[in-house]
Number of protein chains: 2
Amino acid sequence: MPDRDGYPTIDEMELGEIFAALADPHRRQVVFALAREPQGGERSCSSFDLPVTKATRTHHFRVLREAGLIRQRDIGNGRMNKLRREELNRRFPGLLELLLAEKD
Amino acid sequence: MPDRDGYPTIDEMELGEIFAALADPHRRQVVFALAREPQGGERSCSSFDLPVTKATRTHHFRVLREAGLIRQRDIGNGRMNKLRREELNRRFPGLLELLLAEKD
DNA sequence: TAACAGGTACGAAAACTATCATACCTGACA
DNA sequence: TGTCAGGTATGATAGTTTTCGTACCTGTTA
């Protein structure tokens, strides 16, 4: 079962879901940006330059969260996002490097 | 432009397409099996135990081919499939290891 | 308090995907 | 030659995904 906060645990993360989440260019852009943040770096949902409405943005962040890629935390009236870096490196070693190697 | 045979060249391979291709469990099963073959190993389309009709099977192999994951070669009245291992390792180092680490 | 900005929830439309049935083509082989 | 097995092409259907508009909630700030 998921975390008490609704996040998948490491063991619940599925490669299929991760790949599906990362197949979308907007979501890949978000994860790419988060992966370049310094350790523990966070960014608000609105700080990513996604060319979609905020309803759609909410949708994409949900997909990322449910796949296990990010953690979200409410702060003020915004929501901060952090890559689940340690856990991802443990569960899917090489995944983030793969993403970071992508040249835009 | 693609290869003269319709395959994407290394530079044309796109991470998004690769991820989309590998998001499907049937296709992941095929690539997983091919990745465990010895170097240069080939297998016919029908040798994978996919619980779908042959029309659907054709569809999945097309997706894998167009993403750049496999090469196909006609032999007799069948079609053999080979992982584009070298090229994938060059273009997306770590990808195949990621797949092979998946525990079923 | 009122206005605003960041997010979510819900419902709908459009696009895409997986699947199948059917018809067809092509080698192998009896 | 005829039959069969492996594949492809096409068209249909069901399900999923992306997207948006709208309504709404909640902190912040003037």
Side-chain angles (χ1 to χ4, degrees), chain A residues 2-3 5-8 14-34 41-83, chain B residues 2-3 5-8 14-34 41-83:
Chain A
D3 247 0
D5 298 312
Y7 292 90
E14 288 181 18
L15 197 52
E17 240 184 304
I18 296 276
F19 281 157
L22 294 175
D24 183 278
H26 296 143
R27 293 192 293 258
R28 211 159 55 247
Q29 176 187 332
V30 168
V31 176
F32 185 84
L34 286 176
E42 289 183 313
R43 287 185 49 180
S44 74
C45 294
S46 59
S47 74
F48 300 91
D49 209 32
L50 298 174
V52 293
T53 65
K54 55 186 184 167
T56 302
R57 204 168 55 201
T58 294
H59 159 70
H60 286 306
F61 279 98
R62 186 214 310 262
V63 173
L64 291 175
R65 172 171 21 96
E66 293 184 346
L69 285 157
I70 63 171
R71 280 199 195 274
Q72 297 187 296
R73 160 173 96 91
D74 284 355
I75 183 165
N77 69 352
R79 185 165 269 204
M80 298 300 277
N81 302 276
K82 184 166 57 165
L83 190 62
Chain B
D3 247 0
D5 297 313
Y7 292 90
E14 288 182 15
L15 198 52
E17 242 185 302
I18 295 276
F19 281 157
L22 294 174
D24 182 279
H26 296 144
R27 292 194 292 258
R28 212 160 54 246
Q29 175 187 334
V30 167
V31 175
F32 185 85
L34 286 175
E42 289 184 313
R43 286 184 51 178
S44 75
C45 293
S46 59
S47 73
F48 300 91
D49 209 32
L50 297 174
V52 293
T53 65
K54 55 185 186 169
T56 302
R57 204 168 55 201
T58 294
H59 160 69
H60 286 306
F61 279 98
R62 186 216 308 265
V63 173
L64 291 175
R65 170 169 25 92
E66 293 184 345
L69 285 156
I70 62 171
R71 279 200 195 275
Q72 298 187 294
R73 160 173 96 93
D74 285 353
I75 183 165
N77 68 354
R79 183 164 269 204
M80 299 300 277
N81 303 276
K82 185 166 57 163
L83 191 63

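Below, chains carry the letters A, B, ... as their sequence lines are ordered, and counting in each starts from 1.
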**Prompt:** What pairs meet the salt bridge (charged side-chain N to carboxylate O under 4.0 Å, His left out) rule with one or both residues in residues 59-70 of chain B, with sequence neighbours excluded?
**Reply:** none
**Request:** Applying salt bridge (Lys or Arg N to Asp or Glu O under 4.0 Å), name anything that partners A:Arg79, two or more places apart in sequence or on another chain.
**Result:** A:Asp74
**Request:** With sequence neighbours excluded, give me every side chain to side chain donor-acceptor pair (under 3.5 Å) pair touching residues 18-29 of chain B.
**Result:** B:Arg27-B:His60, B:Arg28-B:Glu102
**Heavy-atom side-chain proximity of B:Leu22 to B:Val31 below 4.5 angstrom** = yes
**Item:** Range on DNA chain C touched by chain A, heavy atoms, distance below 4.0 Å
**Value:** C:dA5 to C:dA9
**Asked** Partners of B:Arg43 by salt bridge (Lys or Arg N to Asp or Glu O under 4.0 Å), sequence neighbours excluded?
**Response** none
**Prompt:** Taking only residues two or more places apart in sequence, or in another chain, which ones meet B:Arg57 in a salt bridge (Lys or Arg N to Asp or Glu O under 4.0 Å)?
**Reply:** none
**Request:** Take atom CD of B:Gln72 and atom P of D:dG7, then tell me their distance rounded to the nearest Å.
**Result:** 9 Å
**Asked** By salt bridge (Lys or Arg N to Asp or Glu O under 4.0 Å), which residues pair with A:Glu17, not counting sequence neighbours?
**Response** none
**Request:** Report the residues that fulfil side chain to side chain donor-acceptor pair (under 3.5 Å) with B:Thr56, sequence neighbours left out, ordered by chain and then residue number.
**Result:** B:Thr53
**Request:** Would you give a per-nucleotide map of nucleotides 9-27 of chain D, 5' to 3', where B means the base has a protein non-hydrogen atom under 4.0 Å away, S means only the sugar-phosphate does, and - means neither?
**Result:** B--------SBBB-----B
